[in-house]
A.B. asks: 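Pasting a structure here, questions to come.
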Amino acid sequence: MTGKILRKIYIALIVIFMYAPIVTLVVLSFNSSKSRAKWGGFTFKWYINLFDNASIMAALRNTLLIALLSAIISTVIGTAACLAINAMKKKGRTIWMGITNIPMLNAEIVTGISLMLIFIILGVKFGFMTILVAHITFNIPYVILSVMPRMKTLNPSTYEAALDLGASNSYAFFKVVLPDIMPGVISGFLMAFTMSIDDFVITHFTKGAGVDTLSTKIYSEVRKGIKPEIYALSTIIFITILVLLFLVNRTPKKVDEAKTV
Amino acid sequence: MSKNKTKLMLGLPYYFWSAAFVILPLFMVVYYGITDKNGALTFNNIASIAKPEHIKSLWLAIELSIVSTVICFLMAYPLAMILVKYGKGRSSVLVMLFILPMWMNFLLRTMAWQTLLENNGVINAILKFLRLPLIHIINTPGAIVFGMVYNFLPFMVLPLYNSLAKIDENVINAARDLGANNVQTFFKITLPLTIPGIMSGITMVFVPALTTFVISNLLGGAKILLIGNVIEQEFSQTNNWHLGSGLSLVLMIFIVISMIISAIFDKDGEGSLL
């Protein structure tokens with residue numbers, strides 16, 4: 001009995017630990033004083049000013065566009081790669097899964113500078129495209145690692161049966177294979193989108209002057225003091241996701257047990 | 001046979017992408033690391049790790065990342081056990097604990113700890129109210145460890161959770177039937193069975209902690225330099241890419257060792273993040 005209470009207390013402490021900074025930021029978004037250190041009274045003004053702040057809005061647009069594009073492209077490339085890797089012999093599969101793991105296990109700073117160096121060598125202009133390429137690069141492994149377990153549980157006979165019954169390769173894929181691996185594909189996409197939104201280090205090394213995502217904008221403002229509008233924007237984003245998650249969890253689940261957390 | 005070939009062809013974009021943006025870039029780091037500005041071969045970049053200010057920041061990074069890995073492990077193991085026991089098949093608690101917070105920008109969350117940990121910040125106000133001793137850790141290595149634990153705890157919990165969830169309940173029951181008590185069951189059965197998850201968790205926390213420059217910058221008051229800060233400055237301020245690459249190569253030795261360790265212990269990828 002005491003064990004159960006202790007367990008609840010422990011979970012509660014971890015929740016407090018994880019959410020204390022988030023609550024702090026939400027509170028700061030309503031703080032009329034510009035200083036992080038003192039409370040100057042309740043205000044909505046940062047939420048109103050936010051939409052007039054062109055540079056924050058531009059950073060938001062870049063962040064969302066890069067997250068969306070990189071998630072879509074890496075989901076397509078990654079899912080196709082899973083089909084290929086799954087069809088390989090054991091040796092090829094081990095090698096390619098090893099390569100897939102490199103961006104996951106490598107330090108972000110090394111991934112960041114390695115991409116920066118290759119862009120310099122290739123003579124590419126640093127900006128939106130270089131960030132996008134970098135994000136696709138670190139997102140593909142998340143897609144592959146969440147689609148692969150689903151792929152392994154597939155029964156190859158269903159695909160072959162579809163072919164025997166006269167379906168073309170692509171028709172059989174879209175009608176038979178894809179529905180089965182869909183939970184993995186979706187969670188891979190969402191993971192990629194989330195990782196892209198939250199990334200700072202790799203973006204820091206691959207962005208050009210004048211192009212900012214929210215992360216790099218925040219970092220550049222740390223020394224001179226973060227604009228409270230940023231807190232307001234972050235609060236809006238967070239609450240939106242919270243509500244979405246709540247709604248998704250309330251609708252009855254058709255595709256459950258997606259292995260990804 | 002040809003059907004198989006079409007399937008292998010589907011991987012072409014990925015083969016190309018990995019070659020161009022994963023493998024080739026790493027060779028670029030090696031190339032820059034072992035050459036000087038004129039392109040001549042040199043080992044000075046790598047050897048400069050022995051300079052007092054570099055070796056000091058490397059040691060400090062190793063020290064702090066070991067401490068935070070240990071703390072993460074001690075915090076995460078009971079948590080993972082509780083989560084497995086409570087909510088088998090329900091990952092919503094994990095999502096709520098670790099994925100949802102990611103939607104608040106990680107720089108902002110880390111900065112918020114600055115507000116909370118400050119000498120006259122929220123936590124000290126609470127401690128004062130409770131008449132407990134105050135903490136003075138902001139801008140010290142302690143605050144950096146704090147930030148590391150906060151940011152990398154999920155990387156420890158998830159692999160532990162996965163490998164704990166895989167343990168067959170019957171094995172535990174068998175140990176009980178044979179007369180083992182809770183402590184014995186834990187040390188003789190549960191712990192050894194989760195070693196792949198533990199190793200995976202350790203590498204997943206140790207590598208990002210060792211190489212961070214953001215957390216030390218935000219919570220260490222920019223005065224405490226870890227090896228990550230030194231490298232970052234070579235790239236973004238001094239523009240000495242050769243020296244930065246050379247130091248990164250030293251860092252990569254640690255990363256490669258971690259990769260090998262996790263490959264040995266984690267043959268079928270069961271301890272992986274996803």
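The sequence lines fix the lettering, A, B, ..., with proteins before strands; numbering per chain opens at 1.
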A.B. asks: How about Tyr31(B) and Met28(B): do any of their side-chain heavy atoms sit closer than 4.5 Å?
C.D. replies: yes
A.B. asks: Which bit of Phe119(A) is near chain B, if near means a heavy-atom gap under 4.5 Å: side chain, backbone, both or neither?
C.D. replies: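 It is the side chain, since no backbone atom gets that close.
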A.B. asks: Identify the heavy atoms of Ala192(A) and Asn139(A) that sit nearest to each other, and give their distance.
C.D. replies: O-OD1, 3.2 Å
A.B. asks: What part of Pro101(B) lies closer than 4.5 angstrom to a heavy atom of chain A: side chain, backbone, both or neither?
C.D. replies: both
A.B. asks: Tell me, out of Leu83(A), Ile77(A), Leu25(A), who's got the most heavy-atom pairs with chain B below 4.5 Å.
C.D. replies: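 Going by pairs under 4.5 Å, I would pick Leu25(A).
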A.B. asks: Of the backbone (N, CA, C, O) and the side chain (C-beta and beyond), which part of Ile99(A) lies under 4.5 Å from a heavy atom of chain B, both, or neither?
C.D. replies: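 Contact with chain B is through both the backbone and side chain of Ile99(A).
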A.B. asks: Check whether Ala134(A) gets within reach of chain B through its side chain, its backbone, both or neither, counting any heavy atom under 4.5 Å.
C.D. replies: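 Neither; nothing under 4.5 Å.
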A.B. asks: Quick check on Phe17(A) against chain B: is it the side chain, the backbone, both or neither that has a heavy atom closer than 4.5 Å?
C.D. replies: both
A.B. asks: Just say parallel, tilted or perpendicular for the rings of Phe21(B) and Phe16(B), cut-offs at 30° and 60°.
C.D. replies: perpendicular
A.B. asks: At a 4.5 Å cut-off on heavy atoms, which part of Leu245(A) comes close to chain B: side chain, backbone, both, or neither?
C.D. replies: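 The side chain, not the backbone.
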A.B. asks: So for Tyr32(B), is it side chain, backbone, both, or neither that comes closer than 4.5 Å to the heavy atoms of chain A?
C.D. replies: side chain
A.B. asks: I'd like to verify something: which residue of Val23(A), Thr194(A), Ile226(A) has the highest number of heavy-atom pairs under 4.5 Å with chain B?
C.D. replies: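 Between Val23(A), Thr194(A), Ile226(A), the count favours Thr194(A).
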A.B. asks: If we define contacts as heavy-atom pairs under 4.5 Å, which of Trp17(B), Phe106(B), Phe235(B), Phe27(B) has the most with chain A?
C.D. replies: Trp17(B)
A.B. asks: Side chain of Thr216(A), backbone of Asp212(A): donor and acceptor closer than 3.5 Å?
C.D. replies: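 Absent.
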A.B. asks: Do Phe186(B) and Tyr77(B) have ring centres separated by under 6.0 Å?
C.D. replies: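 Yes, the ring centres sit under 6.0 Å apart.
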A.B. asks: Name the region of Leu210(B), side chain, backbone, both or neither, that has any atom closer than 4.5 Å to a heavy atom of chain A.
C.D. replies: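 For Leu210(B), there is no contact with chain A at all, as no heavy atom is under 4.5 Å.
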A.B. asks: Counting only heavy atoms closer than 4.5 Å, note whether Leu12(B) contacts chain A via side chain, backbone, both or neither.
C.D. replies: neither
A.B. asks: Under 4.5 Å heavy-atom distance to chain B, tell me which part of Ile140(A) shows up: side chain, backbone, both or neither.
C.D. replies: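 Side chain of Ile140(A) only, per the 4.5 Å heavy-atom cut-off to chain B.
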A.B. asks: Should Leu26(B) and Val110(A) count as side-chain neighbours, where that means a heavy-atom distance under 4.5 Å?
C.D. replies: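 Yes, at least one pair of side-chain atoms sits under 4.5 Å.
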A.B. asks: Can you tell which part of Asn217(B) gets under 4.5 Å to a heavy atom of chain A, answering side chain, backbone, both or neither?
C.D. replies: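 Both backbone and side chain of Asn217(B) come within 4.5 Å of chain A.
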A.B. asks: Can you tell me which of Thr115(B), Val29(B), Val214(B), Thr212(B) forms the most heavy-atom pairs within a distance under 4.5 Å of chain A?
C.D. replies: Thr115(B)
A.B. asks: Compare every heavy atom of Leu226(B) with every heavy atom of Ser57(B), then report the nearest pair and how far apart it is.
C.D. replies: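 Answer, listing the atom of Ser57(B) first, then Leu226(B): CB-C, 3.7 Å.
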A.B. asks: At a 4.5 Å cut-off on heavy atoms, which part of Phe254(B) comes close to chain A: side chain, backbone, both, or neither?
C.D. replies: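 Neither part; nothing is under 4.5 Å.
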A.B. asks: Examine distances only and state if a side-chain atom of Asn45(B) and a backbone atom of Thr35(B) form a donor-acceptor pair shorter than 3.5 Å.
C.D. replies: yes
A.B. asks: Quick check: closest heavy atoms across Ile231(B) and Ser248(B), and the distance to 0.1 Å?
C.D. replies: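 The answer is CG2-OG, 3.6 Å.
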A.B. asks: Is Leu79(B) close to chain A through its backbone or its side chain, or both, or neither, when contacts mean heavy atoms under 4.5 Å?
C.D. replies: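 Answer is both: backbone and side chain atoms of Leu79(B) are under 4.5 Å from chain A.
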A.B. asks: Which atoms of Phe205(A) come close to chain B, meaning under 4.5 Å heavy atom to heavy atom: side chain ones, backbone ones, both, or neither?
C.D. replies: side chain
A.B. asks: Is the backbone of Gly188(A) close enough, under 3.5 Å, to the side chain of Ser146(A) for a donor and an acceptor to pair up by distance?
C.D. replies: yes
A.B. asks: If I measure from the heavy atoms of chain B, does Ile22(A) come under 4.5 Å with its side chain, its backbone, both, or neither?
C.D. replies: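 Both parts, heavy atoms under 4.5 Å.
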A.B. asks: Any cation-pi pair here, Lys207(A) with Tyr219(A), using under 6.0 Å and within 45°?
C.D. replies: no
A.B. asks: Heavy-atom distance under 4.5 Å to chain B: side chain of Met148(A), backbone, both or neither?
C.D. replies: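 The answer is neither part of Met148(A).
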A.B. asks: Go through the side-chain N and O atoms of Ser215(A) and Asp199(A) and say whether any donor and acceptor fall under 3.5 Å apart.
C.D. replies: no
A.B. asks: Chain B heavy atoms under 4.5 Å from Val133(A): which part of the residue, side chain, backbone, both or neither?
C.D. replies: both
A.B. asks: Do you know which of Leu24(B), Leu100(B), Thr211(B), Leu251(B) has the most heavy-atom pairs with chain A at a distance under 4.5 angstrom?
C.D. replies: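 The residue among Leu24(B), Leu100(B), Thr211(B), Leu251(B) with the greatest pair count is Leu100(B).
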A.B. asks: Does atom CE of Met102(B) have more than 12 heavy-atom neighbours from other groups under 6.0 Å away?
C.D. replies: yes
A.B. asks: Give the member of Ile136(A), Leu28(A), Val15(A) that has the highest number of heavy-atom pairs under 4.5 Å with chain B.
C.D. replies: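 That would be Ile136(A).
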A.B. asks: Tell me, out of Thr235(A), Leu214(A), Ile120(A), Ile230(A), who's got the most heavy-atom pairs with chain B below 4.5 Å.
C.D. replies: Ile120(A)
A.B. asks: Tell me, out of Met9(B), Met252(B), Arg109(B), who's got the most heavy-atom pairs with chain A below 4.5 Å.
C.D. replies: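 Option with the greatest count: Arg109(B).
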A.B. asks: With a sphere of 6.0 Å drawn around CH2 of Trp241(B), does it hold more than 12 non-hydrogen atoms of other residues, nucleotides or ligands?
C.D. replies: no
A.B. asks: Are a donor atom and an acceptor atom from the side chains of Tyr142(A) and Ser74(A) found within less than 3.5 Å of each other?
C.D. replies: no
A.B. asks: Is Thr137(A) in contact with chain B via its backbone, its side chain, both, or neither, using a 4.5 Å heavy-atom distance?
C.D. replies: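 Its backbone and side chain both get close to chain B.
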A.B. asks: Sort Thr100(A) into side chain, backbone, both or neither according to what part of it lies under 4.5 angstrom from a heavy atom of chain B.
C.D. replies: both
A.B. asks: Between Tyr150(B) and Pro154(B), what is the shortest heavy-atom contact and its length?
C.D. replies: O-CD, 4.1 Å
A.B. asks: Against chain A, label Ile255(B) side chain, backbone, both or neither, depending on which of its atoms sit under 4.5 Å from a heavy atom there.
C.D. replies: side chain
A.B. asks: Measure Leu13(A) against the heavy atoms of chain B and call it side chain, backbone, both or neither at under 4.5 Å.
C.D. replies: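 Neither part; nothing is under 4.5 Å.
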A.B. asks: Which is it for Phe206(B) and Phe152(B) under the side chain to side chain contact (heavy atoms under 4.5 Å, CB included) test, yes or no, and what are the steps along the way?
C.D. replies: CA-CA 9 Å; Phe206(B) 182 73; Phe152(B) 306 134; over 6 Å; no
